[in-house]
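In what follows, every heavy atom counts, from backbone to side chain, and hydrogens, waters and symmetry copies are set aside.
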Amino acid sequence: MSRRSFEGIHQAVADDVVLGKDVRLSSFVNLYGCEIGDEVTVGAFVEIQKGAKIGARAKIGSHTFICEGVSVGKGSFIGHGVTFINDRYPRALTTLGEPQDDTDWEVIETEVGERVSIGSGSTILCGVKIGDDAMIGAGSLVTRSIPAGMLAMGSPATPVGPSPDFSNRP
């Protein structure tokens, strides 16, 4: 684990964060209780919560929120301003009117496969799986699982065909 590759200032990186080699962090990141793989790039104003896992060589764009229960596969791209949701029925208070704590709600996991691209401004609801090599168009609302290798877009995100093949690009 190396913290030498941090590029920014004003970073909140908790002691319980597991960092791989050559992780690049921009300014104004907030990381706690998460696992970040080797050679990951994290943009400015990103929060990654406890229990989240980011695979090696992923790239996380600025202003993105990755909450507890989210796993992002190796080589995936998460665009700017992407938001993940981990609670189907979010509430501030219990039925008794008391502030909720961790025991008052259930984390619903979300899985992003390997080499996935999620366009800027997208929202990913909890409980979905985005298959390997899928691509999500910018501004999409992902409400259900997206099969591997598919391009999906819209609100709700709907598969429209195969994901573009970039294997022959430099």
Side-chain angles (χ1 to χ4, degrees), residues 1-94 97-130 132 134-143 157:
M1 292 181 288
S2 170
R3 293 182 186 232
R4 292 185 305 251
S5 56
F6 288 9
E7 299 169 354
I9 57 171
H10 305 296
Q11 298 164 334
V13 180
D15 290 336
D16 60 355
V17 172
V18 177
L19 290 174
K21 296 184 310 181
D22 300 321
V23 171
R24 293 174 297 282
L25 300 177
S26 296
S27 298
F28 305 106
V29 297
N30 185 25
L31 310 177
Y32 54 96
C34 56
E35 295 180 28
I36 310 292
D38 295 344
E39 300 178 46
V40 169
T41 300
V42 179
F45 302 102
V46 169
E47 179 169 330
I48 304 176
Q49 293 186 328
K50 68 178 180 179
K53 296 177 183 176
I54 311 299
R57 304 186 83 190
K59 182 175 183 181
I60 312 299
S62 68
H63 299 86
T64 288
F65 175 69
I66 300 176
C67 55
E68 180 179 2
V70 173
S71 65
V72 174
K74 296 176 184 176
S76 288
F77 172 83
I78 310 298
H80 303 285
V82 172
T83 301
F84 288 86
I85 308 296
N86 64 1
D87 187 354
R88 289 197 204 283
Y89 308 104
R91 297 281 187 262
L93 303 176
T94 67
E98 298 296 323
Q100 282 194 347
D101 62 28
D102 287 348
T103 64
D104 294 315
W105 64 285
E106 177 186 3
V107 173
I108 308 294
E109 295 184 356
T110 297
E111 182 181 338
V112 175
E114 296 185 0
R115 299 169 307 279
V116 169
S117 291
I118 299 178
S120 295
S122 294
T123 299
I124 315 301
L125 297 188
C126 59
V128 302
K129 179 177 180 179
I130 301 173
D132 294 347
M135 179 174 278
I136 307 300
S140 293
L141 174 62
V142 179
T143 61

| query | What distance do Ile118 atom CD1 and Thr83 atom OG1 have between them, rounded to the nearest 0.5 Å? | reply | 11.0 Å
| task | Using distance alone, with no hydrogens and no angle criterion, decide if Glu106 and Tyr89 have a side-chain donor and acceptor under 3.5 Å apart. | result | no
| Of all heavy-atom pairs between Gly73 and Ala58, which one has the smallest distance, and what is that distance? | O-CB, 4.2 Å
| query | Nearest heavy-atom pair of Ile66 and Ala52: which atoms, and what distance? | reply | CG2-CB, 4.0 Å
| request: Report the distance from atom CD1 of Ile54 to atom CG of Leu31, rounding to the nearest 0.5 Å. | output: 9.0 Å
| task | Would you mind reporting whether Trp105 and Thr94 have side-chain heavy atoms less than 4.5 Å apart? | result | no
| query | Considering all heavy atoms of both residues, which atom of Ser122 and which atom of Gly137 are nearest to each other, and what is their separation? | reply | OG-O, 3.2 Å
| query | Would a 4.5 Å heavy-atom cut-off, applied to side chains only, mark Tyr32 and Gln49 as touching? | reply | yes
| message | Using modelled atom types and a 3.5 Å cut-off, is there a donor and acceptor pairing between side-chain atoms of Asp16 and backbone atoms of Gly33? | response | yes
| request: Can you measure from CD1 (Ile78) to CD1 (Ile60) and round to the nearest 0.5 angstrom? | output: 5.0 Å
| Do Glu39 and Lys21 have side chains that get closer than 4.5 Å, going by heavy atoms? | no
| Steps toward side chain to side chain contact (heavy atoms under 4.5 Å, CB included) verdict (Ile85, Thr123) | CA-CA 8 Å; Ile85 308 296; Thr123 299; 4.0 Å; yes
| What heavy-atom pair brings Val40 and Val42 nearest, and what distance separates the two atoms? | CG1-CG2, 3.9 Å
| request: Give every residue pair that meets the ring pair (Phe, Tyr, Trp, His ring centres under 6.0 Å) criterion with at least one member in residues 45-78, sequence neighbours excluded. | output: Phe28-Phe45, Phe45-His63
| query | Are the side chains of Ile130 and Ile136 in touch, meaning some heavy atoms are under 4.5 Å apart? | reply | yes
| message | Measuring from atom CG of Leu19 to atom CG of Asp38, what distance do you get when rounded to the nearest 0.5 angstrom? | response | 10.0 Å
| field | Inter-residue atom distance Glu98.CD - Leu93.CG, 0.5 Å rounding | value | 8.0 Å
| Minimum-distance pair of heavy atoms, taken over all atoms of Val29 and Gly43 | CG1-O, 3.3 Å
| field | The single option from Ile48, Val107, Ile108, Asp87 passing side chain to side chain contact (heavy atoms under 4.5 Å, CB included) against Glu68 | value | Val107
| Does some side-chain heavy atom of Asp102 sit less than 4.5 Å from a side-chain heavy atom of Lys50? | yes
Validation: residues 109-117 side-chain donor-acceptor distances under 3.5 Å, sequence neighbours left out:
| unit_1 | atom_1 | unit_2 | atom_2 | d |
| --- | --- | --- | --- | --- |
| Thr110 | OG1 | Gly127 | N | 3.3 |
| Arg115 | NE | Asp133 | OD1 | 2.7 |
| Arg115 | NH2 | Asp133 | OD2 | 3.1 |

| Where Ser26 and Ala44 come nearest, the two heavy atoms and their spacing | CB-N, 3.4 Å
| Gap separating the SG atom of Cys34 from the CD1 atom of Ile36, nearest 0.5 angstrom | 4.0 Å
